[in-house]
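Here's the structure, in structure tokens; my notes come after.
FYI, the numbering just counts along the sequence from 1.
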Amino acid sequence: MQSIWVIAFVACAITLSQETPRSQYQRVITLKYPGFRILPQKDLEQPGLRDGTSGALIVGTFNYDKYQDFAAIIIGADRRRYEAGANSYDYFDGKLVVCIGSPNGAAFRCEAEEQTLTLPHRNYLARISPGRYACLTETQRDKIVTTTIDSVGKVFGEVASSFRVRNRDGSTFDCVTSD
């Protein structure tokens with residue numbers, strides 16, 4: 001009987017640990033972007049994505065300190081309608097936010113890019129690990145980039161992907177890895 005309780009406790013603890021990060025980051029979004037929420041994974045077209053590494057919420061070290069950062073696709077509450085005859089569609093105001101952590105873990109400095117989101121949403125985020133990557137450019141065949149920190153990757157359906165490289169001075173550039 002005791003082993004059943006231990007298994008039930010462990011299962012409950014695992015479930016809570018999987019749910020806690022999203023709610024933790026949602027509090028930051030609610031504070032900084034009232035009326036917005038992190039896009040639920042069920043609203044993404046791609047199956048098998050996991051909070052923290054891929055989907056609408058990724059966590060990593062996206063700058064050169066040791067503090068945890070996060071990036072999220074967030075969505076407003078109001079559905080809007082774009083009218084264009086047969087090409088009409090519903091959409092939501094959205095943002096891609098990257099929030100940089102701080103020493104106390106509670107304060108985040110966030111940057112946002114406006115986005116229009118249709119559901120189910122085809123695009124998602126992916127944490128890109130440090131490494132060596134070939135970036136496609138218009139002026140040369142490939143530009144080889146070596147990163148030493150995590151990067152925020154953007155996957156556009158099944159056809160294209162890129163990631164944002166952050167330099168030590170805070171500037172960024174986008175590395176297109178497929179188009």
key: Note, Thr147 side chain near Ile128 side chain (heavy atom, < 4.5 Å)   = no
task = Determine the sole option in Gln26, Arg27, Lys32 for which the side chain to side chain donor-acceptor pair (under 3.5 Å) test with Thr30 is passed.
result = Gln26
message = Is there a path of hydrophobic side-chain contacts, each under 4.5 Å between heavy atoms, that joins Leu96 and Tyr124?
response = yes
key: Side-chain donor or acceptor of Tyr64 paired with backbone N/O of Arg166 under 3.5 Å   = yes
ask   = Closest heavy-atom contact between Arg127 and Gly60?
value = CD-CA, 4.0 Å
inquiry  = Checking Tyr89 now: which residues fulfil ring-ring contact (aromatic ring centres under 6.0 Å, His included) with it, not counting sequence neighbours?
reply    = Tyr82
query = What pairs with Asp169 under side chain to side chain donor-acceptor pair (under 3.5 Å), at least two apart in sequence or on another chain?
reply = Ser171
query = What residues, two or more places apart in sequence or in another chain, satisfy ring-ring contact (aromatic ring centres under 6.0 Å, His included) together with Tyr33?
reply = none
query = Counting distance only, does the side-chain N/O of Ser161 pair as donor-acceptor with the main-chain N or O of Thr177 below 3.5 Å?
reply = no
query = Can you name the ring-ring contact (aromatic ring centres under 6.0 Å, His included) partners of Phe62, sequence neighbours left out?
reply = none
query = Between Asp51 and Ile38, is any pair of side-chain heavy atoms under 4.5 Å apart?
reply = no
message = Under the rule for ring-ring contact (aromatic ring centres under 6.0 Å, His included), what residues qualify as partners of Phe163, not counting sequence neighbours?
response = Tyr133
query = Near Arg132 CZ, under 6.0 Å, is it more than 12 heavy atoms from other residues, nucleotides or ligands?
reply = no
query = With Glu113, which residues qualify under side chain to side chain donor-acceptor pair (under 3.5 Å), at least two apart?
reply = Arg164
ask   = Is there a side-chain contact between Val165 and Thr172, using heavy atoms and a 4.5 Å cut-off?
value = no
query = Closest heavy-atom contact between Gln41 and Ala56?
reply = OE1-N, 3.0 Å
